[in-house]
Number of protein chains: 2
Amino acid sequence: MSSVKHITVKDIAKELKISASTVSRALSDHPDISTATKRNVLNTAEKLNYFPDSIAQSLKTKNRKTIGVIVPEIKHLFFSNVISGIEDVAYNSGYTIIVCQSNEDVNREIINTRALLSQRVSGIIVSISQTTSSYDHFFVAKKRKVPIVFFDRVPDDFEANKVIINDKESAYNAVKFLIQKNYKRIAHFGGANELRISKDRCLGYKEALVDNGIEVNESLIIHGGLHEEDGYKAMEMLLKNGSVPDAIFAVNDPVAIGAFTKIKEAGLEIPKDIALIGFSNNPITSLVDPKITTIDQHPEDMGKLTAETLIAEIEKEKTIDITETKVIKSSFVEREST
Amino acid sequence: MSSVKHITVKDIAKELKISASTVSRALSDHPDISTATKRNVLNTAEKLNYFPDSIAQSLKTKNRKTIGVIVPEIKHLFFSNVISGIEDVAYNSGYTIIVCQSNEDVNREIINTRALLSQRVSGIIVSISQTTSSYDHFFVAKKRKVPIVFFDRVPDDFEANKVIINDKESAYNAVKFLIQKNYKRIAHFGGANELRISKDRCLGYKEALVDNGIEVNESLIIHGGLHEEDGYKAMEMLLKNGSVPDAIFAVNDPVAIGAFTKIKEAGLEIPKDIALIGFSNNPITSLVDPKITTIDQHPEDMGKLTAETLIAEIEKEKTIDITETKVIKSSFVEREST
DNA sequence: TTATATATTGCAAACGTTTGCGGAAAGAAA
DNA sequence: TTTCTTTCCGCAAACGTTTGCAATATATAA
């Protein structure tokens, strides 16, 4: 089903017996064109149902108003919220977004950036996959001068604008909160240590302990994945070992939920036997009983800020090579599990 | 920050002292080109880090391998799952997706379709907003022969391929299930009646009642929105009226959750005092206590099927004008709330 | 050796825009 | 009347590809 012939600027020109260039200028409200012909052009454009071919436009002007987005998983609640924020500011700035998911696979991430580069996007937003350790594919974008800004899952050793939340500080405060509530044996269920977010949250956890005179007990730190089953298994392991904690700080909400489930199954009570803090403010946390204390990352704001910095970089005149990592402050959401 | 000069086919040609056309043909593995020059071309393309300009390509070939997606809200769980499915099959077919959200606003939906048409997408996937009642903007796409396929929120009176789930049947079966469990006063919390899904689910509800000898009691049917607060308010109203039901069939999970919250607040027990069935199989439903019985819509499969039908239509040779609405079978997920 | 077929490559136009430049027409100034 | 502005518009090239056709070189057949 091939597309029918589109109406072009030439068709309008022919209809009006004028040149294509005046039509083009009339459509873009160029001062050289008389108001009379402008009116005529607009009218027949309307009549013929003309749509400018933005493909041709951006070929000519080198200005594709498009930004590419690469995330690990679109359906992940956090990412879909971020994308929503990105789309919003993109829309309001006249940009259009192409979204790809890496499925946590570097190769797909590489292919995606190649595709975006081929599409001549004006900029790229990415949250890297769990399996990327080399950044060559981002370097080729950099060499091409197409701006990249990373969010949340950002590479340590790649010079670019980034936006994150204050993971370490958030973790620190959460754990400090637990300590002040007089919890002593505080466990941490973390994610893969390659991810900055996992590392930072773990760091915050440890610092809060030592700053408050509690020595870190490595047997209470369990690094697994980022999903529910990982929290479940971690809790299971601790129970089996007999080294049960009196509080848990989980790297994110799914992990917290996994632990939550196992705790209840074991007949223990929250927060009486074990307190629990998650990370993300997933809607689920406010619906379970007891409601889980967590940390709000403001994902939609993060998406907006990311898109804003990218667009600013795209539209900046001079290419000043100073990069920045902006940090959004999380909010502690105290509920019933602590 | 304007983009640096990109490497073109001409640059490769110059480097090799051959013509641009042979380079082009070599890159696309045209049989006319000798293997020797093909090898050379490939090598220098690699060396110069050449990326084909797909903008120029699609201007020339009229073949943009891109599909546009318009949904009401990206961050809505159902839609992000569908988008995930769409992206997956698009990726595997070499397509790229542009996603827009209408925010339930027709005007934005109109602007979005105009933008997609300008982008010369090969096809469009849409789930219409709650406020669209006229389909003029889709008609212009149709006239341009760019295929549209609708999913879930599909227009009644617009000829196109559509994919939906068996809403009415699903509702019918759910309510029948309640009746067989001996519930008598079954309420329905529905959405706006303009939406086909709301209408169909309500229809299934009513039919199940009459088919089983229960007369429909309009005071037990409350039409509100699709969000949590709507379910909460509906339940509140019923309690205030003193006309409390012994079971509720909600139009979707958020509404069910809202009702759930109010029921618990009122000190009533689920399912002893009131049974509850939702719609969507939102993860939340399996985490609350008691777990809520619901209906799985298989959103990711729906996304895949939608993308597949669209791509089939795009790549079909002859434009045969027969449209079809495919229906995906939902799954009933029985849990503790019934 | 000449004629014919085959294998490679190049030329140039085209896709739908935008834009620098030059030019005609008309009005203003001299 | 002539000269200078101003207003408005058209020509043609360009963006980076693809592709029909012609052209050359080489191999095969006669």
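Just so we're clear, the structure is a prediction, and the values are computed from it rather than from any experiment. Quick note on labels: first sequence line is chain A, next is B, and so on, each numbered from 1.
Taking 4.0 Å as the cut-off between side-chain N and carboxylate O, R144(A) and D53(B) do not count as a salt-bridged pair.
Summarising the geometry, the separation between CG on L16(A) and P on dC9(D) is reported as 11 Å, rounded to the nearest angstrom. Here the P atom of nucleotide dT8(C) and the CG atom of N40(B) are 14 Å apart, to the nearest Å. Here the P atom of nucleotide dC8(D) and the CG atom of D29(A) are 13 Å apart, to the nearest Å. Here dG16(C) presents its C1' atom at 14 Å from CZ of R64(B), a figure rounded to the nearest Å. Taking atom CD1 of I55(B) as the reference point, atom C1' of dG16(D) lies 11 Å away to the nearest angstrom. To the nearest angstrom, P of dA13(D) lies 18 Å from CG of L59(A). The distance from atom CD1 of I18(B) to atom P of dC11(C) is 12 Å, rounded to the nearest whole Å.
A close approach under 4.0 Å does occur between a side-chain nitrogen or oxygen of K62(B) and OP1 or OP2 of dG16(C).
Within the structure, no pair that satisfies the salt bridge (charged side-chain N to carboxylate O under 4.0 Å, His left out) test touches residues 128-139 of chain A, not counting sequence neighbours. For residues 64-109 of chain B, the pairs satisfying ring pair (Phe, Tyr, Trp, His ring centres under 6.0 Å) are H76(B)-F79(B), with sequence neighbours left out. Residue pairs meeting the salt bridge (charged side-chain N to carboxylate O under 4.0 Å, His left out) criterion with at least one member in residues 20-29 of chain B, sequence neighbours excluded: D29(B)-K38(B).
From one end of the helix from dT1(C)-dA30(D) to dA30(C)-dT1(D) to the other, with five pairs defining each end axis, the axis direction shifts by 60° (rounded to 10°).
Counting non-hydrogen atoms under 4.0 angstrom, I33(A) reaches the backbone sugars and phosphates but no base. Within the 4.0 angstrom heavy-atom criterion, only backbone atoms of the sugar-phosphate kind lie near T37(B); the bases stay farther away.
Looking at residues two or more places apart in sequence or on another chain, you find no salt bridge (charged side-chain N to carboxylate O under 4.0 Å, His left out) involving K304(A). Qualifying salt bridge (charged side-chain N to carboxylate O under 4.0 Å, His left out) partners for R196(B), counting only residues two or more places apart in sequence or in other chains: D167(B), D200(B). With sequence neighbours excluded, the residues forming a salt bridge (charged side-chain N to carboxylate O under 4.0 Å, His left out) with E15(A) are K47(A), listed by chain and number. Shown here are the salt bridge (charged side-chain N to carboxylate O under 4.0 Å, His left out) partners of E109(A), two or more places apart in sequence or in another chain: there are none.
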(Q) So if I define the base as every atom that isn't primed, P, OP1 or OP2, how would nucleotides 17-26 of chain C read as a B/S/- string at a heavy-atom cutoff under 4.0 Å? (A) BBBB------
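Using a 3.5 Å distance cut-off with no hydrogens or angles, the side chains of T37(B) and S34(B) do pair a donor with an acceptor.
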